[in-house]
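Beneath this line is the structure, given in structure tokens, with notes to follow.
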Number of protein chains: 2
Amino acid sequence: MTRVVVTVMPKAGVLDPQGQTVEGALGRLGFGGVSDVRVGKRIELEVGGDDPLAAVHEMCERLLVNALIEDYDVRAES
Amino acid sequence: MTRVVVTVMPKAGVLDPQGQTVEGALGRLGFGGVSDVRVGKRIELEVGGDDPLAAVHEMCERLLVNALIEDYDVRAES
């Protein structure tokens, strides 16, 4: 079994309402100098088989990622 | 300005319904041998000031993280 980490982030140029909300809330709490906040997902999973990274790439294409608006990265946990 | 990455994950032992849902869906799609799926957040932000990492730690404590059920990690983007 391999522990695999998938990072999913909104594509550059795609509106990120969650990031904008966090940025606004941080400003209201008095945290200045914060910009370009982006919020994405981190998915960790235990995967068996001969080629766990290839399997997880396929999981991303079929379920975990909306390729229209999100970029993703797959790596074995270091 | 420093690009800072915050990783927020459910604490070990805390129920993760989103992870369980993903695990079930992957099984139904025919992906076998997947277990212990955990879903968390990745937040990227641009931060100014003398000590951006300390500022982001404070943001985590005050807004970004629910310390009761989540662990977090703060690092400058590599």
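Each chain gets a letter, A, B and so on, in the order the sequences are listed, and its residues count up from 1. All values below were derived from every heavy atom in this structure, side-chain atoms included, with hydrogens, water molecules and symmetry-related copies excluded. Quantities reported herein were computed from a predicted structural model and do not represent experimental measurements.
Linking ILVMFWY residues whenever their side-chain heavy atoms come closer than 4.5 Å, directly or via other members, places B:V37 and A:Y72 in the same cluster. Residues A:L45 and A:L53 are members of one and the same hydrophobic cluster, defined by side-chain heavy-atom contacts under 4.5 angstrom among Ile, Leu, Val, Met, Phe, Trp and Tyr. Under a hydrophobic-cluster definition in which Ile, Leu, Val, Met, Phe, Trp and Tyr are linked whenever side-chain heavy atoms come within less than 4.5 Å, directly or via other members, B:L15 and B:I69 are assigned to different clusters. A:M9 and A:I43 end up in different hydrophobic clusters when Ile, Leu, Val, Met, Phe, Trp and Tyr side chains are linked at under 4.5 Å.
Interface remark: of the candidates A:V22, A:V6, A:V34, A:V34 forms the most heavy-atom pairs closer than 4.5 Å to chain B. Comparing B:G49, B:S35, B:P52, B:G19 by how many heavy-atom pairs each has under 4.5 Å with chain A, the most go to B:S35. Taking A:G32, A:A25, A:G40 one by one and counting their heavy-atom pairs under 4.5 Å with chain B, the maximum is reached by A:G40. Chain A forms the most heavy-atom pairs under 4.5 Å with one residue out of B:M59, B:E58, B:K41, B:Q18, and that residue is B:M59. Of the residues considered (A:V39, A:L63, A:V4, A:V56), A:L63 shows the highest number of contacts with chain B, using heavy-atom pairs under 4.5 Å. Highest contact tally toward chain A, considering only B:V47, B:L29, B:V8, is held by B:L29 [criterion: heavy-atom pairs under 4.5 Å].
Shown here for B:M1 and A:G33, the closest heavy-atom pair between the two residues is CE-O, 3.6 Å. Nearest heavy atom pair, residue A:R3 against residue B:D36, reads NH1-O, 2.9 Å.
Only the side chain of A:T7 comes within contact range of chain B, judged by heavy atoms closer than 4.5 Å. Proximity to chain B is absent for every atom of A:E23, based on heavy atoms less than 4.5 angstrom apart.
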